[in-house]
Amino acid sequence: MDKQNEILLEVKNLKKYFPITRGVFRRVVGYVKAVDRVDLFIRQGKTLGLVGESGCGKTTLGRSILRLIEPTDGEVWFKTGKGKKLDITKLEDREIKSLRREMRMIFQDPYGSLNPRMTVMDIVGEPLIIHKVAQGKEIEDRVRTLLKIVGLNPRYMRRYPHEFSGGQRQRIGIARALALNPRLVIADEPVSALDVSVQAQVINLLEDLQVQFNLTYLFIAHDLSVVYHISNRIAVMYVGKIMEVGEAEEVYQGPRHPYTEALISAVPVIDPDVKPERILLQGDVPNPANAPSGCTFHPRCRYAKKICSQEEPPLEDIGDEHYVACHFADDFSLKGIRQF
């Protein structure tokens with residue numbers, strides 16, 4: 001198989017439930033199902049964009065994949081640089097530490113994710129020290145190289161985070177993520193806290209780095225136009241579940257799930273002659289601790305029928321690795337968008 005078509009990461013039936021406790025003895029009375037039976041995969045050198053409303057479980061999914069928080073159940077298969085396929089959820093702490101060299105994360109908040117008491121040299125060089133891949137002057141040389149790669153002047157390496165703008169801080173976070181030459185990078189809304197002009201610069205940087213280092217991205221965001229620009233495939237998440245997954249062009253131009261259609265309708269169109277047809281969803285996002293029966297989306301779906309409230313639709317392949325969780329995916333003619 002062509003290496004570019006190899007599956008680098010595969011998630012199977014992944015769950016993350018947070019217990020709800022009450023009383024003096026902290027008795028468990030329920031669970032918040034932040035991630036509920038998620039299945040997805042990412043191919044080597046490609047980008048999977050993960051979109052959905054705030055609170056749908058995107059960040060929890062990303063952190064569960066890296067085991068920054070422990071999953072409740074499921075499997076996360078990762079193919080290492082040595083060609084070995086490992087289930088991350090079954091690894092011991094020692095094994096996870098060595099694997100973290102190949103799996104890194106870029107955090108959403110460029111202010112909160114950097115230690116204000118550490119210099120750029122210390123922040124970017126810390127992974128090199130922890131994993132014992134460099135020492136002494138080697139660390140300083142590596143940090144200089146990384147700062148150049150992300151577009152920062154190496155002369156700033158002795159400065160502290162508060163001396164940089166938000167965009168520069170995010171570049172520092174990207175440099176830290178690249179320090180150990182990873183294969184997979186999970187970018188958790190890396191541009192949502194930045195100005196629009198700076199967002200474009202950071203997105204272009206991430207694309208250039210992907211080509212230069214053959215990186216694989218799980219790109220988490222709620223801005224569909226940004227996700228469309230950078231992603232090869234799109235996964236749409238709603239209340240802890242995957243509603244639709246497919247090639248970016250196919251999902252945006254011909255969505256097969258009503259929730260995807262509603263999200264796409266909210267994307268601004270640059271053509272002044274095109275009148276947007278916004279789909280306004282009724283009601284609020286359900287509580288993940290008490291999700292509706294059947295299809296989770298059915299209380300807000302304008303196409304819902306009786307079966308939608310009774311039976312949960314499975315995530316099925318409708319062709320060409322396009323997966324949809326909807327009873328009537330083959331019956332609808334939903335509206336997509338053709339330009340941004």
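These numbers come from the heavy atoms of this one structure, side chains and all, not from hydrogens, waters or symmetry mates. Residue numbers run from 1 in the order of the sequence given.
Put simply, the side chain of H298 gets close to the backbone of C295: a donor and an acceptor are under 3.5 Å apart. Put simply, the side chain of S293 never gets that close to the backbone of Q310: no donor and acceptor are under 3.5 Å apart. The backbone N or O of T60 sits nowhere less than 3.5 Å from a side-chain atom of K16 that would complete a donor-acceptor pair. When atom types are taken as modelled, the side chain of E189 and the backbone of I220 share no donor-acceptor pair closer than 3.5 angstrom. Counting only distance, with no hydrogens or angles, the side chain of N232 and the backbone of T47 share a donor-acceptor pair below 3.5 Å. A distance-only check finds no donor-acceptor pair linking the side chain of Q253 to the backbone of G336 [under 3.5 Å]. Although no hydrogens or angles enter the test, the distance criterion places a donor-acceptor pair under 3.5 Å between the side chain of E95 and the main chain of E92. The backbone N or O of Y323 lies less than 3.5 Å from no partner atom in the side chain of H257, so there is not a single donor-acceptor pair. In this structure a side-chain-to-backbone donor-acceptor pair under 3.5 Å is missing from D122 to M118. Formation of a donor-acceptor pair under 3.5 Å by the E244 side chain with backbone atoms of R256 is found in this model.
The pair E102-K82 does not meet the salt-bridge criterion, since no charged nitrogen lies less than 4.0 angstrom from a carboxylate oxygen. Salt bridge absent: R169 and E163 never bring a charged side-chain N and a carboxylate O closer than 4.0 Å. The pair E70-R63 fails the salt-bridge criterion, with no side-chain N (NZ, NE, NH1 or NH2) lying under 4.0 Å from an Asp/Glu carboxylate O. Using a cutoff of 4.0 Å between basic side-chain nitrogens and carboxylate oxygens, D141 and K137 are scored as salt-bridged. Contact check on D36 versus K241 returns a salt bridge, with a Lys/Arg side-chain nitrogen under 4.0 Å from an Asp/Glu carboxylate oxygen. Contact check on R142 versus E138 returns no salt bridge, with no Lys/Arg side-chain nitrogen under 4.0 Å from an Asp/Glu carboxylate oxygen. Classification of E6 and K46 as a salt-bridged pair fails, no side-chain N sitting under 4.0 Å from a carboxylate O.
Residues H131 and K97 are in side-chain contact: their nearest non-hydrogen atoms beyond the backbone lie under 4.5 Å apart. At least one side-chain heavy atom of L206 sits under 4.5 Å from a side-chain heavy atom of Y217. Side-chain atoms of R101 and I130, non-hydrogen and from C-beta on, never get closer than 4.5 Å to each other. Contact check for V120 versus Y160: no side-chain heavy atoms found under the 4.5 Å cut-off. The side-chain heavy atoms of R176 and P127, taken from C-beta on, include a pair separated by under 4.5 Å. Here the side chains of F213 and R183 are not in contact, with every heavy-atom distance at 4.5 Å or above. Side chains of L48 and F219 form no contact here, defined as non-hydrogen atoms less than 4.5 Å apart. Side-chain contact between R158 and M121 is present, with heavy atoms from C-beta onward closer than 4.5 Å.
Put simply, CG on L8 and OG1 on T216 are 4.5 Å apart, with the number rounded to the nearest 0.5 Å. Expressed to the nearest 0.5 Å, how far CG of L178 lies from OG1 of T145 amounts to 12.0 Å. Atoms CH2 and CG, from W77 and L9 in turn, are 12.0 Å apart once rounded to the nearest 0.5 Å. Note that CZ of R233 is 9.0 Å distant from CG of L40, once rounded to the nearest 0.5 Å. Here the straight-line distance linking atom CD1 of I174 with atom CZ of F107 works out to 13.0 Å at 0.5 Å rounding. Atom CG of residue L334 and atom OG of residue S265 lie 11.0 Å apart, to the nearest 0.5 angstrom.
The cationic group of K305 does not satisfy the cation-pi geometry with Y303, failing either the under 6.0 Å distance to the six-membered ring centre or the 45° limit from the ring axis.
Donor-acceptor pairing under 3.5 Å is recorded for the side chains of E249 and Y228. Side-chain contact check for S197 and D195: no donor-acceptor pair (N or O, by modelled atom type) lies under 3.5 Å. Looking only at atom types and distance, the side chain of Y259 has a donor-acceptor partner in the side chain of E53 under 3.5 Å away.
Residues V226 and L205 are members of one and the same hydrophobic cluster, defined by side-chain heavy-atom contacts under 4.5 angstrom among Ile, Leu, Val, Met, Phe, Trp and Tyr. A chain of hydrophobic side-chain contacts below 4.5 Å, direct or via other Ile, Leu, Val, Met, Phe, Trp or Tyr residues, connects L281 to V239. The hydrophobic clustering, which links ILVMFWY residues whose side-chain heavy atoms are closer than 4.5 Å, places I129 and M157 together.
Sparse packing is recorded around CD of Q282, with 12 or fewer heavy atoms of other residues, nucleotides or ligands lying under 6.0 Å away. Heavy-atom neighbours of Y31 OH from other residues, nucleotides or ligands within 6.0 Å: at or below the threshold of 12. Within 6.0 Å of CG in D320 there are 12 or fewer heavy atoms belonging to other residues, nucleotides or ligands. By the neighbour-count criterion of 12 heavy atoms within 6.0 Å, atom NZ of K90 is densely surrounded, having more than that number from other residues, nucleotides or ligands.
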Discussion item. Run R300 and D284 through salt bridge (Lys or Arg N to Asp or Glu O under 4.0 Å) and show every step you take.
Written reply: CA-CA 8 Å; R300 307 176 74 193; D284 298 320; over 6 Å; no
Item to complete: Kindly indicate, with the supporting measurements, whether the criterion side chain to side chain contact (heavy atoms under 4.5 Å, CB included) is fulfilled by I242 and V245.
Response: CA-CA 7 Å; I242 298 295; V245 189; 3.2 Å; yes
Discussion item. The test is side chain to side chain contact (heavy atoms under 4.5 Å, CB included); show your working for D188 and I106 and say whether it passes.
Written reply: CA-CA 6 Å; D188 182 15; I106 301 170; over 6 Å; no
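Ring geometry for Y238 versus F297: interplanar angle over 60°, hence perpendicular rather than tilted (30 to 60°).
Closest approach of L91 to R67, counting heavy atoms only: O-NH1, 2.7 Å. Contact between G45 and N214 at its shortest, heavy atoms only, is CA-OD1, 3.6 Å. The shortest heavy-atom contact between A325 and P313 is O-CG, 3.6 Å.
Test Q170, Q108, M105 against P190 for side chain to side chain contact (heavy atoms under 4.5 Å, CB included) and you get one pass: Q170. None of E10, E247, E321 except one satisfies the salt bridge (charged side-chain N to carboxylate O under 4.0 Å, His left out) rule with R43; the exception is E321. Test T89, I65, D39, L218 against V11 for side chain to side chain contact (heavy atoms under 4.5 Å, CB included) and you get one pass: I65.
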